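This structure is a prediction, so every number in the text was calculated from the model and none was measured. Whatever order the structure lists them in is the order used to number ligands and atoms, beginning at 1.
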Amino acid sequence: MAILFNETTSTFTLLTKQSMYQMKADKYDVLLHTYYGKKGAAYDYSYLITYADHGFSGNPYEVGDDRTYSLDVLPQEYPVYGSGDYRPTALKIRYPDGSCACELRYAGYQIKKGKYALPGLPTVYAEEDSQADTLVITLEDTRKLFFVHLYYGVLEDLDLITRSVCIENHSESPLYLEQALSTCVDFQHGDYHIHTFYGRHMKERTQQTNLIPHGIQSIGSSRGASSHQHNPFFVLTSPQATEDVGDCYGFSFLYSGDFLALGSKDQFEQTRIVMGIHPDNFCWHLEPGERFYTPEAAMAYTAQGMNALSQIYHRAYRHNLCRGKFKTARRPVLLNSWESVYMNFDGKKLIEMAKDAADLGIELFVMDDGWFGKRDLDVSGLGDWYVNENKLGCNLRELSDEIHALGMQFGIWFEPECINEDSDLYRKHSDWALKVPGKTPVRGRCQLVLDFSREDVREHILNQICQVLDSARIEYLKWDFNRSISDIYSALLPPEKQGEVAHRYILGLYDMLEKLFCRYPDLLLEGCSGGGGRFDAGMLYYTPQIWCSDNTDAIDRLSIQYGTSFGYPISTVGAHVSQCPNEQTGRITPLETRATVAMAGTFGYELDTSEIKPEEKPIIQNQIVEFKKYYDLIQDGLYYRLTSPEDLPACHGWEFVKEDKSEALLCVVALQIPPNASRCRIQLKGLDENKIYLVEGEAYPGSVLMNGGYLIPHATVEYESFRIHIVEKNRD
Ligand code: DGJ
């Protein structure tokens with residue numbers, strides 16, 4: 001059992017392969033957080049707490065004149081606003097009388113086999129009950145109006161602990177949840193670095209490291225989506241931690257909407273981190289008898305450095321978050337029409353491209369934006385999900401049949417959540433868009449956002465999508481979302497429920513994705529939000545891959561994909577070879593380098609096939625053969641970051657290693673060609689020190705490749721790349 005309860009000490013200890021997490025209901029029934037870190041004896045770690053009289057740190061009433069007991073100082077499992085704890089807290093509730101001061105006390109627990117699920121929300125799951133245990137600790141508010149049920153999922157072998165919180169109103173009156181975060185962890189001792197992943201459209205998930213200050217270091221999104229600007233994943237490390245060694249804690253939020261994550265050091269040098277739905281656009285009206293579930297946070301710990309932490313998330317998310325056929329089935333190499341023809345195409349042009357693509361060995365042809373309604377520019381058409389047969393010159397069945405006749409699958413683009421004012425749908429149902437009465441809405445990319453908190457709106461859009469999907473042979477769907485949300489107001493909800501709209505929107509999105517997922521189990525879904533504006537663990541529950549960025553420049557992608565790799569597996573990273581010079585940056589890179597970078601992802605192409613030069617054709621054909629050959633190694637192997645592109649090394653490298661260490665693929669891109677310089681050395685990782693490996697015909701012990709390293713050939717053209725296959729000698 002991975003969950004231990006010690007009745008004598010009232011400690012709950014959660015154990016995974018490497019980590020241990022502990023809480024304790026103390027003598028006042030306050031649930032303290034006593035330990036999170038390396039696995040060891042399930043001792044009562046509350047001995048580490050210092051009780052002292054601290055000025056201006058008040059004391060709960062029941063402790064009498066014991067001035068050494070203060071919630072302002074104690075490490076707590078789920079701290080609440082108004083309890084005398086002045087640090088950032090996890091829960092803030094407005095009571096029927098308008099007050100917000102709250103105290104929670106321990107009321108009981110339950111331990112169950114298997115992993116809990118959450119209604120309408122994505123969660124990490126266990127394939128079998130034996131893979132996970134669930135602990136539910138119940139706290140009750142001292143005014144006896146509601147319960148707070150703390151959920152813990154312990155996935156021992158995956159080395160993951162998940163958390164969620166359920167607030168249950170058992171009073172006669174409504175309560176308002178003004179803040180209900182999903183996790184909080186207090187660290188009593190030590191300094192910590194917080195590694196976050198910031199960016200913007202076309203430059204997502206750039207790694208940033210800061211020492212948690214006295215005060216607050218916070219990131220978040222109030223854009224209605226997890227956003228390009230900050231990712232709902234961060235890592236906390238000891239200042240000494242590196243890629244290969246040191247204490248690392250990961251915090252990943254399985255949610256695609258507004259989020260808040262922060263780290264804060266208090267007056268006594270203690271660090272608190274919290275993560276959950278951003279309170280800015282949130283206020284949930286909880287009626288008597290109702291329950292509210294927060295989205296899940298997935299936490300991991302290792303003493304083996306950042307790379308090992310990433311590998312925990314890679315394994316868990318690939319196998320226990322992504323679902324359906326394409327969790328494991330090989331995904332087809334695709335050609336996407338966007339960067340080559342944008343919205344300027346007809347059926348004839350698409351078929352020409354598809355013919356070229358088939359010739360190259362491409363397996364799936366994706367028709368991106370521009371095929372529906374009145375859609376030749378991005379100012380119109382969204383909402384009208386019927387095929388523009390005049391533009392195509394045929395119907396969708398004919399088009400998809402022609403593509404299948406070429407031996408390829410067919411895919412299609414949708415942006416279900418948005419609407420143009422110039423659309424039939426808007427002319428009929430202008431109240432379906434998120435708009436505040438009496439105020440003109442903010443437009444983004446000339447479009448508004450549909451009110452996905454409304455079931456009728458979702459049902460209409462889903463029916464349209466299903467009609468399209470049922471009308472032709474379609475194996476792939478790209479679900480795009482191209483703006484930040486504003487004007488959060490739903491025409492159907494009363495004023496006291498308007499604070500729920502942003503979260504209801506995300507629940508609506510998940511509801512629709514779930515329906516699509518269940519109705520079309522063989523459909524490959526790719527998430528997208530102007531590239532990687534909603535690249536989060538919530539979406540991965542529905543779409544096993546997400547278009548990583550609208551920036552397809554191979555060199556910029558090094559940094560974007562590097563940052564993404566901290567929290568997400570390679571199999572989820574949508575990556576394509578695009579044309580040259582690059583559409584976004586004008587940069588010229590070798591075709592092979594573009595493939596090397598796209599192979600660290602789902603791999604596909606996004607270029608005008610009619611412009612492929614004759615000498616490039618066999619190169620592309622070989623790339624596809626090579627990708628398919630290495631598919632399992634890339635998607636299922638252990639991923640190692642060998643350098644950081646942020647350090648601007650002469651050569652930037654990464655590596656995929658088969659779990660049994662019999663094979664690896666080393667990928668390197670030359671970022672500089674220093675004149676008259678020594679060859680660039682890259683030290684490999686993850687090999688067996690005692691095995692002999694063949695590299696380009698030479699035999700090396702694993703220890704030599706890892707300690708001494710491998711000398712990369714001199715680059716002869718700018719941004720040249722190398723894909724070096726390493727295989728154990730005498731392997732069958
Ligand atoms: C943004 C996406 O990221 C692109 O790949 C493309 O699908 C466009 N939207 C289409 O409008």
Side-chain angles (χ1 to χ4, degrees), residues 199-205 223-229 231 256 334-345 350 353 364-385 388 391 410-420 422-423 443-450 465 468 474 476-485 524-536 539 543 545-554 556-557 560-561 564 572-579 582-585 594 598 601-608:
R200 57 179 181 269
H201 179 223
M202 300 210 191
K203 196 180 176 353
E204 297 88 340
R205 292 173 295 286
R223 294 170 173 268
S226 49
S227 90
H228 301 84
Q229 286 70 17
N231 193 263
S256 310
L334 65 76
L335 177 81
N336 179 295
S337 64
W338 182 245
E339 275 196 24
S340 51
V341 290
Y342 296 99
M343 297 180 200
N344 313 317
F345 57 81
L350 297 182
M353 285 171 67
L364 163 67
F365 182 84
V366 178
M367 174 171 68
D368 208 282
D369 195 353
W371 56 268
F372 53 90
K374 188 179 104 193
R375 186 73 170 171
D376 294 321
L377 290 171
D378 58 15
V379 294
S380 62
L382 289 177
D384 297 341
W385 300 110
N388 186 340
K391 179 170 178 172
F410 179 61
I412 194 165
W413 177 97
F414 281 92
E415 188 172 358
E417 298 156 75
C418 286
I419 183 165
N420 286 118
D422 184 0
S423 67
R443 294 190 183 116
R445 204 197 190 194
C446 305
Q447 63 203 49
L448 304 180
V449 181
L450 283 168
I465 294 176
V468 173
I474 300 175
Y476 163 105
L477 187 153
K478 178 171 169 188
W479 182 299
D480 203 350
F481 178 57
N482 282 300
R483 57 161 293 178
S484 301
I485 301 183
L524 172 57
L525 284 165
E526 176 152 358
C528 176
S529 173
R534 209 159 53 185
F535 202 117
D536 56 67
M539 284 306 284
T543 68
Q545 61 190 57
I546 300 175
W547 181 228
C548 185
S549 177
D550 271 350
N551 187 342
T552 58
D553 177 296
D556 283 357
R557 273 289 184 123
I560 295 167
Q561 294 180 195
T564 306
T572 64
V573 176
H576 299 165
V577 174
S578 63
Q579 54 217 25
N582 180 266
E583 286 281 294
Q584 293 83 37
T585 62
R594 283 174 268 150
T602 54
F603 194 63
Y605 291 81
E606 187 156 340
L607 35 73
D608 191 344

Within 45° cone and under 6.0 Å: R557 NZ/CZ vs W547 ring: yes
So the atoms of ligand 1 within less than 4.0 Å of a heavy atom of W547 turn out to be 3 (O), 5 (O)
Could you tell me whether D553 and R594 have a side-chain N and a carboxylate O separated by less than 4.0 Å? no
Would you call the rings of W371 and F414 parallel, tilted or perpendicular, taking 30° and 60° as the class edges? perpendicular
At the 4.0 Å heavy-atom cut-off, does R445 count as touching ligand 1? yes
Taking atom types as modelled, is there a side-chain donor on S484 or R223 under 3.5 Å from an acceptor on the other? yes
Could you state the interatomic distance from CZ (F535) to OG (S226), rounded to the nearest 0.5 Å? 10.0 Å
For ligand 1, which atoms sit closer than 4.0 Å to a heavy atom of C528? 2 (C), 3 (O)
Around R200, counting heavy atoms of other residues, nucleotides and ligands shown, do more than 12 lie under 6.0 Å from its CZ? no
Shortest heavy-atom approach to atom 2 (C) of ligand 1 - which of D480, L382, D378: D480
Please confirm whether W338 comes within less than 3.5 Å of ligand 1 when only nitrogen or oxygen atoms on both sides are compared. no
Considering both backbone and side-chain atoms of D368, is one of its nitrogen or oxygen atoms within less than 3.5 Å of a nitrogen or oxygen in ligand 1? yes
So which protein heavy atom does atom 11 (O) of ligand 1 come closest to, and at what separation? D369 OD2, 2.7 Å
Which is it for N336 and ligand 1 at heavy atoms under 4.0 Å: side chain, backbone, both or neither? neither
In terms of heavy-atom contacts, R534 and A225 come closest through CD-CB, 3.9 Å
Do T552 and Q584 pair up side chain to side chain, a donor and an acceptor below 3.5 Å, judged on atom types alone? yes
Check ligand 1 against G531 and write out every atom of the ligand that is under 4.0 Å from a heavy-atom position of the residue. 3 (O)
Taking a cutoff of less than 4.0 Å between a non-hydrogen atom of the residue and any ligand atom, is K478 in contact with ligand 1? yes
So which protein heavy atom does atom 3 (O) of ligand 1 come closest to, and at what separation? D550 OD1, 2.3 Å
